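Okay, so here's the structure we're looking at.
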Amino acid sequence: MRLISANVNGIRAALRRGGLAWLLSQEADIITLQEVRADDETLRKVLADGGLADWSVAHAPSDTAGRAGVAVLARLPAVPDVRIGWGPDDEFSGAGRWLEVDVRGPGTDPLTVVSTYVPTGEADTSRQDEKYRFLDGMTRRMEQFVAEGRPAMVTGDVNVAHREADIKNWRGNLKRAGFLPGERAYIDRWLQSGWVDLGRERGGDGPGPYTWWSWRGKAFDNDAGWRIDYMFATADLAATVDSVWVGRAPDYARRWSDHAPVVADFSGPWPQARG
């Protein structure tokens, strides 16, 4: 199985710039998208125009037009149980930032796949408080997955660079959102609770590979990037992953998003649920 996670920076722009053609060419089985920025009707039309009309689609758009939005596309049949947010008390349920889909392979229990888009935040502002509240909810849900013993993947744009190896100019960003100690501590907690950061586990010690570069200046040409797009897997599932790589564009002119997709290849069937 191949799973791709991609912040498309707007699904219509991704189609126009060749992003959907790239995704289709990779012969993935599951694709998670972030920053879709479209309603259901528009998303399905754009996917059809990009050759993905036959895929199963789950979508959590934002209540605010033109903002956020996450989706999960599956070549495999999707189990009807699709969950948006973390429950009735979730303040982010209409924000288009958390979507869970259960996907079933031949003869297997469902694999839960999450597409998430964490708020960007801004140090010492209410936007940062919002980001921490989202990360709190995300942490509680991830701990539930582990406690339930279900194979699960949490993918997407977390908007946090975990280690110095995950950001080129880490010294200049110590006090900026995206590399604050309080943000990075959440990833520490996830890893300590049993999740595996597949990008780092399969991608070596770094620095990089990065997944986001500013459109401005020479950031992309100089590889002055951030690794903020992740695939986290429960431990049993992580053992079935053969490789993880970043689909960085060959040059600036062929970029179709300010992010690069992350690709995971599985060497065998995912494990059965425990308990």
Side-chain angles (χ1 to χ4, degrees), residues 2-75 78 84 94-99 101 113-120 155-159 178 209-231 245-264:
R2 171 168 285 184
L3 190 153
I4 300 177
S5 177
N7 181 317
V8 294
N9 201 222
I11 193 68
R12 285 163 287 203
L15 173 65
R16 186 172 65 251
R17 293 171 176 150
L20 296 192
W22 186 91
L23 291 170
L24 190 62
S25 73
Q26 298 306 306
E27 299 183 345
D29 299 287
I30 303 171
I31 301 173
T32 68
L33 305 177
Q34 302 86 45
E35 278 202 271
V36 173
R37 300 183 190 170
D39 57 27
D40 285 337
E41 182 179 356
T42 300
L43 173 60
R44 290 185 180 276
K45 181 181 184 307
V46 172
L47 291 176
D49 291 344
L52 293 159
D54 295 334
W55 287 53
S56 172
V57 180
H59 181 212
S62 172
D63 290 342
T64 303
R67 296 283 302 278
V70 290
V72 176
L73 317 181
R75 190 191 301 274
I84 296 175
R97 294 186 179 275
W98 184 271
L99 174 66
V101 174
V113 178
V114 175
S115 181
T116 189
Y117 175 45
V118 176
T120 305
T155 73
D157 180 359
V158 177
N159 267 314
Y210 307 122
T211 66
W212 178 86
W213 305 261
S214 172
W215 287 113
R216 299 190 298 273
K218 295 288 186 178
F220 186 81
D221 295 336
N222 296 330
D223 201 22
W226 299 51
R227 188 176 78 97
I228 57 176
D229 300 87
Y230 293 83
M231 289 183 177
W245 51 279
V246 174
R248 188 183 192 273
D251 52 55
Y252 184 95
R254 282 177 279 185
R255 295 178 73 188
W256 51 269
S257 172
D258 53 350
H259 294 252
V262 181
V263 184

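The first residue in the sequence is number 1, and the count goes up from there. Small disclaimer: the values here were computed from a predicted structure and weren't measured.
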Does [X] use its side chain to pair, donor to acceptor, with the backbone of [Y] at less than 3.5 Å?
| X | Y | answer |
| --- | --- | --- |
| Tyr117 | Leu33 | no |
| Thr116 | Arg97 | yes |
| Asp29 | Arg2 | yes |
| Asn222 | Ala224 | no |
| Ser115 | Val70 | no |

Student check: side-chain heavy atoms of [X] and [Y] closer than 4.5 Å:
| X | Y | answer |
| --- | --- | --- |
| Trp55 | Ile30 | no |
| Leu3 | Val263 | no |
| Ile228 | His259 | yes |
| Leu73 | Leu52 | yes |
| Ile4 | Thr32 | no |

Taking all non-hydrogen atoms of both residues, which atom of [X] and which atom of [Y] are closest, and how far apart?
| X | Y | value |
| --- | --- | --- |
| Gly50 | Leu24 | O-CD2, 3.6 Å |
| Gly96 | Ala68 | O-CB, 3.7 Å |
| Ser5 | Gly156 | OG-N, 3.4 Å |
| Ser62 | Ala95 | CB-O, 3.5 Å |
| Met231 | Ala264 | SD-CB, 3.4 Å |

Next item on the list: Give the C-alpha distance, both sets of side-chain angles, the deciding distance and a yes or no for side-chain contact (heavy atoms from CB on, under 4.5 Å) between Leu99 and Ile84.
Entry: CA-CA 5 Å; Leu99 174 66; Ile84 296 175; 3.8 Å; yes
Next item on the list: Kindly indicate, with the supporting measurements, whether the criterion side-chain hydrogen bond (donor to acceptor under 3.5 Å, both in side chains) is fulfilled by Trp212 and Asp229.
Entry: CA-CA 8 Å; Trp212 178 86; Asp229 300 87; over 6 Å; no
Notebook entry, point to check: For the ring-ring contact (aromatic ring centres under 6.0 Å, His included) test, which of Phe220, Tyr252, Trp226 pairs with Trp213?
Noted result: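 Among the candidates, only Phe220 passes.
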Note to self: Applying side-chain hydrogen bond (donor to acceptor under 3.5 Å, both in side chains) as the test, list every pair that has at least one member in residues 9-24; sequence neighbours left out.
What the structure shows: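 Found none.
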Next item on the list: Please check if atom CG in Asp251 has more than 12 non-hydrogen atoms from other residues, nucleotides or ligands closer than 6.0 Å.
Entry: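 Result for CG/Asp251: enclosed.
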Next item on the list: Give the C-alpha distance, both sets of side-chain angles, the deciding distance and a yes or no for side-chain hydrogen bond (donor to acceptor under 3.5 Å, both in side chains) between Asn7 and Glu35.
Entry: CA-CA 6 Å; Asn7 181 317; Glu35 278 202 271; 3.0 Å; yes
Item checked: Atom pair CG/CG of Leu15 and Leu20 - distance to nearest 0.5 Å ->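 If I round to the nearest 0.5 Å, the distance is 5.0 Å.
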Checklist line | Asp223 with Arg248: basic N within carboxylate O range, under 4.0 Å | finding: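 The answer is yes: the pair qualifies as a salt bridge.
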Next item on the list: Under the side-chain contact (heavy atoms from CB on, under 4.5 Å) rule, what do Val114 and Thr155 come out as? Steps first, then yes or no, please.
Entry: CA-CA 6 Å; Val114 175; Thr155 73; 5.8 Å; no
Acceptor/donor pairs from residues 40-47 side chains to any protein atom, 3.5 angstrom cut, sequence neighbours excluded:
unit_1, atom_1, unit_2, atom_2, d
Asp40, OD1, His59, ND1, 2.7
Thr42, OG1, Asp39, OD1, 2.7
Arg44, NH2, Val57, O, 3.4
Lys45, NZ, Asp49, OD2, 3.1

Next item on the list: For side-chain contact (heavy atoms from CB on, under 4.5 Å), just list the numbers for Val8 and Trp256, CA-CA rounded to whole Å, side-chain angles, deciding distance to a tenth of an Å, and then say yes or no.
Entry: CA-CA 8 Å; Val8 294; Trp256 51 269; 4.0 Å; yes
